[in-house]
Amino acid sequence: MKVAEAVGRALHAAGVEQVFGVVGSGNFHLTNALLAAGARFVAARHEGGAATMADAYARVSGTPAAVSVHQGPGLTNALTGIAEAAKSRTPLLVLAAEVTRPTSNFYVDQEALARAVGAVPMRITSAEDAVGQACAAVRRALHERRTVVLNLPLEVQGLDAPEAALAQVSPPPPRPAVAPADAEVAALVRVLERAGRPVFVAGRGARSPGARDALEALAERCGALPATSAVARGLFHGNPWSLDVSGGFATPLAAELIGGADVIVGWGCALNMWTMRHGALIGADATVVQVDDDPSALGAHRDLHLGITGDVELTARHVLESFGGKREGLRTPDVAEAVATRGRWRDVPYEDTSTRDRIDPVTLSIALDDLLPAQRVVCIDSGNFMGHPSMFLSVPDEHGFCFTQAYQSIGLGLATTIGAALARPDRLPVAALGDGGALMGAADLDTVRRLGLPMVVVVYNDDAYGAEVHHFGPDGHPLDTVEFPPTDIAAVARGYGFEAVTVRTHADLKAVADWVAGPRSAPLLIDAKVVRDRGAWWLEEAFRGH
């Protein structure tokens, strides 16, 4: 058995079941070994898409995934997707073939590239150690929640592996939950017992099994209102006190109540500039607490009155056990009525600026929310449009929303949706893209059709990079570099085998209703020509400080 085959089989035995990639000569044998061992492989049309598919699959499934790439250009093509995964601390394995001779056309310093985008570089160095090093990479990805680039030099891949190399391979144990210190739990109990207007903001670290129940029980006991960061949207779906998303996407009511809180607790949430609107949602008298099982995350984005190192669920349950009697806090009849009547963006009155040629993105999003099945997984690309599908398309839980925005790159949305769709085949995948991101990732429309995914792709098409248009246009700057002639994206999608509809008015959405009714034998792309005369409500916040 060659090292390439041994490593492939070891990775599958260590728990890597899903692999994405683009196969070339350098990763051919490794990828085939993974398939032979029982892994599922999805061939993307570009390595950048493959990396993002793997990222989204790992986020939504809660299991590790891998992306397999050729040496040199295969890795450099994938770097944007790897950077997003690394910034999001996604447990992801990048299997990168490698040449070590500087005279090779394929040579680049792959270890330096990995470090440059925040990933952890590792390397297979010998036939004797190959299997152990591969398993160590899986373990590090899982236990440290890191994106690991495992470099596999070609000359080592071709060596003979020891006969008993695979004898002891097994999946690594789960990452142990970090118990909070008793003194820190007691300090949080004191803070919450004094609180009159507490708010909980749950983030990525609260998307673990059991965390929702623990947080809701504690919030009810101390009278707190629950909210989430964007990446954890859906965590409190159905809770009558939920404020939905905190930050730039927040409803006026959510911003008012969070901004008026006297205690804000971030549960597995960084409380960064997006989630706290550059600090504008933190009142002058507010006590700020952060709970995270990674001590380096505490206070990384803002000053804290109390930082607690601990698992979200464990910490919430320990605090609940020590908390006194039930408090009213913010759970008053007036607040209950406000949340019930003004708690969602679709409850907020707006001016419909639709014309005969272009549809208002709010009108479009509300209509799609009503048309599409509730059991969905919504994935968002980046751009001026992004707040509309993020906040107007409801999701059933935290597994129904995948938000690959840590790097804020456009062009990742379609690949994100492919990964999420494979992780949740029981739900309708919905990709929400701008026209710029849709055209960047168009090659993987082929992947959607080839896999037979019953996907809805919604393109908010304003024929421009809208964020730049609305940021620079009001100051009179020329916009020729960010505006484009109209593109018939529906026609592009038909070329890939999609059903497609161009939407200019509400009446055009009947074709969407017909597709939903069945049989959904091909994926659907909606080329929505949206109004382009104004920036989104969150845009000013997004550009603040740039």
Side-chain angles (χ1 to χ4, degrees), residues 58-63 87-91 142 145 174-180 184-185 188 191-192 198-222 224-239 241-247 249-250 254 258 261 263-272 274-276 281 288-302 304 306-321 323 377-378 390 395-406:
R59 296 187 197 208
V60 175
S61 70
T63 61
K87 285 179 178 289
S88 298
R89 297 295 290 270
T90 300
L142 284 173
R145 291 194 298 256
R175 185 177 191 271
V178 178
E184 293 178 344
V185 169
L188 181 52
V191 167
L192 292 176
V199 168
F200 289 174
V201 183
R204 182 181 290 109
R207 297 177 75 253
S208 58
R212 170 176 174 158
D213 290 345
L215 290 175
E216 286 187 325
L218 180 58
E220 182 179 7
R221 180 76 63 85
C222 68
L225 301 180
T228 71
S229 65
V231 294
R233 184 170 189 239
L235 180 65
F236 299 116
H237 177 78
N239 186 304
W241 297 100
S242 172
L243 299 179
D244 207 348
V245 174
S246 173
F249 290 167
I258 296 169
V263 170
I264 295 175
V265 185
W267 296 91
C269 176
L271 300 175
N272 61 25
W274 308 113
T275 307
M276 289 290 106
L281 295 185
V288 180
V289 181
Q290 186 181 356
V291 179
D292 202 292
D293 65 3
D294 179 0
S296 69
L298 299 176
H301 292 275
R302 61 190 63 260
L304 304 175
L306 175 62
I308 299 176
T309 300
D311 173 79
V312 166
E313 180 187 358
L314 277 181
T315 302
R317 294 199 184 282
H318 287 188
V319 172
L320 184 62
E321 291 171 0
F323 199 83
V377 54
V378 177
S390 293
V395 294
D397 53 33
E398 70 274 23
H399 305 297
F401 192 68
C402 195
F403 195 67
T404 45
Q405 297 293 332

Requested in this report: Could you tell me which residues satisfy salt bridge (charged side-chain N to carboxylate O under 4.0 Å, His left out) with Glu184, sequence neighbours excluded, listed by chain and number?
Outcome: none

Query raised in the report: Which residues satisfy the salt bridge (charged side-chain N to carboxylate O under 4.0 Å, His left out) test with Arg317, sequence neighbours excluded?
Result: Glu313

Query raised in the report: Under the side-chain hydrogen bond (donor to acceptor under 3.5 Å, both in side chains) test, which residues partner Thr275, sequence neighbours left out?
Result: Asn272

Query raised in the report: Any salt bridge (charged side-chain N to carboxylate O under 4.0 Å, His left out) pairs touching residues 289-302, not counting sequence neighbours?
Result: Arg89-Asp294, Arg145-Asp293, Arg175-Asp293

Requested in this report: Could you walk me through whether Leu304 and Val289 pass side-chain contact (heavy atoms from CB on, under 4.5 Å), step by step?
Outcome: CA-CA 6 Å; Leu304 304 175; Val289 181; over 6 Å; no

Query raised in the report: Between Phe401 and Val377, which heavy-atom pair has the shortest distance, and what is it?
Result: N-CG2, 4.3 Å

Report task. Applying side-chain hydrogen bond (donor to acceptor under 3.5 Å, both in side chains), name anything that partners Ser61, two or more places apart in sequence or on another chain. Result -> Thr63

Query - Val245 side chain reached by Arg233 side chain, heavy atoms, under 4.5 Å - result: yes

Query raised in the report: Okay, side chain of His237, backbone of Glu398: is any donor-acceptor separation there less than 3.5 Å?
Result: no

**Report entry** Atom of Gly310, atom of Val291 and distance for their closest heavy-atom approach
**Finding:** O-CG1, 3.7 Å

Requested in this report: Can you sort out the partners of Ala179 under side chain to side chain contact (heavy atoms under 4.5 Å, CB included), two or more places apart, ordered by chain and number?
Outcome: Leu314

Requested in this report: Report yes if some heavy atom in the side chain of Glu216 is under 4.5 Å from a heavy atom in the side chain of Pro226; otherwise report no.
Outcome: no

Query raised in the report: What is the minimum heavy-atom distance between Val312 and Gly268, and which atoms define it?
Result: CG2-N, 3.5 Å

Query raised in the report: Any side-chain heavy atom of Trp267 within less than 4.5 Å of one from Val201?
Result: no

Query raised in the report: Is there side-chain contact between Val265 and Val199, with heavy atoms separated by less than 4.5 Å?
Result: no

Report task. State, with a plain yes or no, whether a side-chain heavy atom of Arg207 is found less than 4.5 Å away from one of His399. Result -> yes

Report task. Could you tell me the separation between the OG atom of Ser229 and the CE atom of Met276, rounded to the nearest 0.5 Å? Result -> 9.0 Å

Requested in this report: Kindly write out the residues that satisfy side-chain hydrogen bond (donor to acceptor under 3.5 Å, both in side chains) with Arg204, not counting sequence neighbours, or none if the list is empty.
Outcome: none

**Report entry** Shortest non-hydrogen contact between Val185 and Pro180, atoms and distance
**Finding:** CG2-CG, 3.6 Å

Requested in this report: Could you list the residues that satisfy side-chain hydrogen bond (donor to acceptor under 3.5 Å, both in side chains) with Thr228, not counting sequence neighbours?
Outcome: none

Query raised in the report: Is there a donor-acceptor pair under 3.5 Å between the side chain of Gln290 and the backbone N or O of Ile308?
Result: no

Query - For Asp213, all residues meeting salt bridge (charged side-chain N to carboxylate O under 4.0 Å, His left out), sequence neighbours excluded - result: none

Requested in this report: Taking the side chain as every heavy atom from C-beta outward, state whether Arg59 and Ser88 have any atom pair closer than 4.5 Å.
Outcome: yes

Report summary line: Distance col, row Phe249:CZ vs Trp274:CH2, nearest 0.5 angstrom, shows 9.5 Å

Query raised in the report: What is the distance from atom NE2 of His318 to atom CG of Asp311, rounded to the nearest 0.5 Å?
Result: 9.5 Å

Query raised in the report: Do the non-hydrogen side-chain atoms of Arg221 and Leu320 ever get within less than 4.5 Å of each other?
Result: yes

Report summary line: Heavy-atom nearest pair, Ala316 first then Leu215, reads CB-CD2, 4.0 Å

Requested in this report: For the residue pair Asp397 and Leu235, establish whether any side-chain heavy-atom pair is separated by less than 4.5 Å.
Outcome: no

Query raised in the report: Which pair of heavy atoms, one from Leu281 and one from Ser246, lies closest together, and at what distance?
Result: CD1-OG, 3.6 Å

**Report entry** Contacts of type side chain to side chain contact (heavy atoms under 4.5 Å, CB included), residue Ala224, not counting sequence neighbours
**Finding:** Pro198, Phe200, Ala219, Cys222

Query raised in the report: Say you draw a straight line from CD1 of Ile264 to CG of Leu225; how long is it, rounded to the nearest 0.5 Å?
Result: 11.5 Å

